[in-house]
Number of protein chains: 2
Amino acid sequence: MAGRKATGSPGVTRENLADAALLLLEREGPKGLSMRKVAAEVGVQAASLYWHIRNKEELLDLASDALWEGYTPLPPGRTATADTWRDCLATASRRLRTHLLTHAGAVRVLAGRFAPGTRSPGPMEEMLALLRRAGFGPADTADAAYTLLTWVQGFVLHEAVPMSAAEEHGASPQEAAAEARERLAGLPADRYPHLVELAGELSGPGMDSRFEFGLARLLDGLEVLRGR
Amino acid sequence: MAGRKATGSPGVTRENLADAALLLLEREGPKGLSMRKVAAEVGVQAASLYWHIRNKEELLDLASDALWEGYTPLPPGRTATADTWRDCLATASRRLRTHLLTHAGAVRVLAGRFAPGTRSPGPMEEMLALLRRAGFGPADTADAAYTLLTWVQGFVLHEAVPMSAAEEHGASPQEAAAEARERLAGLPADRYPHLVELAGELSGPGMDSRFEFGLARLLDGLEVLRGR
DNA sequence: ACCTGAACACCGTTCAAGT
DNA sequence: ACCTGAACACCGTTCAAGT
């Protein structure tokens with residue numbers, strides 16, 4: 001009985017196992033996730049898990065589904081006028097990043113496990129809807145949504161991994177950024193002149209503005225396509 | 001003596017261990033990489049590895065360095081005229097994708113381990129050089145390079161993982177694509193109307209054209225910024 | 001300086017056996 | 001239908017001991 005999770009319905013269900021896996025991933029990192037611990041988390045022996053799931057691989061798939069649980073697309077909100085499609089896509093992208101960052105500890109392990117659309121349809125469906133409403137054709141819509149999702153996930157991956165690595169190492173984000181800068185600045189200047197020169201710009205902790213930069217470029221690019 | 005790798009210099013060096021790890025990763029997948037197997041690969045006992053490296057974590061870091069070994073930036077080639085910076089960036093991005101796909105089996109494990117620039121400076125330095133030569137300022141150059149690298153890696157991650165998963169499962173790319181399409185088309189059409197409608201577009205095996213789409217948008221966006 | 005053997009605590013997974 | 005105990009083959013890592 002001890003260790004049964006408070007949230008969700010009580011039994012040993014696939015959902016509860018996924019939640020427990022996700023929780024362990026975020027609380028203790030990659031090494032914290034083992035069948036035995038997941039089992040303990042739901043108050044059962046490790047061998048019992050195999051009645052509900054095929055293997056650890058499947059458990060990770062379930063966990064990557066569970067990661068999207070709290071993500072709900074924006075309410076339709078104000079009606080879409082011609083000049084707000086850009087803002088809508090921007091908001092959706094920002095919310096996507098925020099949501100992934102919420103689960104930063106799990107992103108590294110689960111990255112690449114959620115193919116856009118197939119595994120957890122929510123975010124992809126939202127992007128597709130916004131793009132179609134903006135007037136993009138079917139093919140462009142699919143490609144654009146894929147580009148957006150793929151970029152956000154790549155961005156967050158590079159954002160979340162050092163974050164959780166630094167905090168695992170017991171360093172503050174500032175310390176981690178300073179350390180990164182020094183590593184860059186310490187490279188051989190003859191082989192990597194630009195890295196050395198731009199060490200400050202590259203290692204700054206301004207992830208928000210970096211995200212906004214990429215987002216603006218992507219949306220500008222879509223605007224160019226749309227106006228063609 | 002049996003099992004010593006043919007390539008590279010013979011001793012048990014950190015480089016050789018990294019190469020062996022990378023090789024195992026690509027040949028046998030994530031489960032194929034263990035300290036004991038790496039040790040066997042270089043003809044030594046598992047415990048010996050700890051004389052050369054701190055732990056498995058460090059070995060993976062070394063392997064993610066080794067992944068970039070074969071990657072050399074384009075020779076300066078023709079002198080940069082004002083209208084070729086776009087082509088240069090496009091070529092660099094494509095080469096980056098190709099190189100990562102060459103190590104598709106290792107990408108999943110190593111993803112997020114190579115922060116752009118810090119770990120393996122080659123690709124980042126190349127991007128920075130091209131962007132500066134194109135006339136972008138320091139801040140924009142740093143942000144643009146980060147965006148490009150981050151997107152390529154996100155893209156390849158989503159491209160490589162299903163690839164290696166499908167082949168591990170013994171399915172052809174076409175079969176995998178067909179399976180993905182059916183999963184999308186089988187979603188509840190009331191909740192995911194666009195996913196169902198665009199199932200064909202989303203799951204097509206045309207990864208090359210999808211990549212070109214994203215690349216074109218990104219470069220268009222940079223062009224807008226540059227012309228401002 | 002570099003390697004080994006043996007050991008420790010821990011894995012994922014299976015399977016007969018229980019209820 | 002669901003869970004357990006015990007077992008199997010395998011981990012990462014440490015450490016005294018060898019040369």
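Quick caveat, the model's predicted, so the values are computed rather than measured. Excluded from the calculations below are hydrogen atoms, water molecules and symmetry mates; all remaining heavy atoms, backbone and side chain alike, are included.
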Nearest-angstrom distance from the residue atom [atom1] of [X] to [atom2] of [N]:
X	N	atom1	atom2	answer
K31(A)	dC10(C)	NZ	C1'	11 Å
I53(A)	dC2(D)	CD1	C1'	15 Å
K56(B)	dG12(D)	NZ	C1'	8 Å
L33(A)	dC11(C)	CG	P	10 Å
K37(A)	dC10(C)	NZ	C1'	9 Å
N16(A)	dC2(D)	CG	P	14 Å
L49(B)	dC11(D)	CG	P	13 Å
M35(A)	dC11(D)	CE	C1'	15 Å

(message) Could you write out DNA chain C as dot-bracket? Rules: Watson-Crick or G-U wobble, both distances under 3.5 Å, brackets [ ] for crossings, | for pairs with another strand, dot for unpaired.
(response) ||.|||||...|||||.||

(request) Kindly point out which of dA1(C), dT13(D), dC2(D) is positioned nearest to the side chain of A46(B)? (result) dT13(D)

(message) From the set dC3(D), dG12(D), dT13(C), return the single nucleotide nearest to any side-chain atom of Y50(B).
(response) dG12(D)

(request) Taking all non-hydrogen atoms of both residues into account, name the closest pair between A142(A) and L128(A) and its distance. (result)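 Shortest heavy-atom separation between A142(A) and L128(A) comes out as CA-CD2, 4.2 Å.
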
(request) Would you mind reporting whether P123(B) and L149(B) have side-chain heavy atoms less than 4.5 Å apart? (result) yes

Less than 4.0 Å between a side-chain N and a carboxylate O, is that true for [Y] and [X]?
X	Y	answer
R27(B)	E41(B)	yes
R97(B)	E212(B)	no
E197(B)	R132(A)	yes
R210(B)	E159(B)	no

(message) For a quick test of reading the model: is some side-chain N or O of H52(A) closer than 4.0 Å to OP1 or OP2 of dC3(D)?
(response)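 Affirmative; the distance criterion is met.
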
(request) Would you please confirm or rule out a distance under 4.0 Å between OP1 or OP2 of dC3(C) and any side-chain N or O of W51(B)? (result)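 Checking dC3(C) against W51(B), no side-chain N or O comes under 4.0 Å of OP1 or OP2.
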
(message) So if I apply the side chain to side chain contact (heavy atoms under 4.5 Å, CB included) rule between P121(A) and each of L195(B), L184(B), V196(B), which one comes out positive?
(response) L195(B)

(request) Have a look at L67(A) and tell me which of L62(A), L110(A), L25(A), T102(A) forms a side chain to side chain contact (heavy atoms under 4.5 Å, CB included) with it. (result) L110(A)

(request) Identify, between V44(B) and S34(A), the residue whose nearest nucleotide on DNA chain C lies closer to the 5' end. (result) V44(B)

(message) Tell me if the centroids of the rings in F213(B) and Y146(A) come within less than 6.0 Å of each other.
(response)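 No: the rings miss the under 6.0 Å criterion.
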
Can you give me the N/O atom pairs linking the protein to nucleotides 5-7 of chain C at distances under 3.5 Å, or say none if there are none?
none

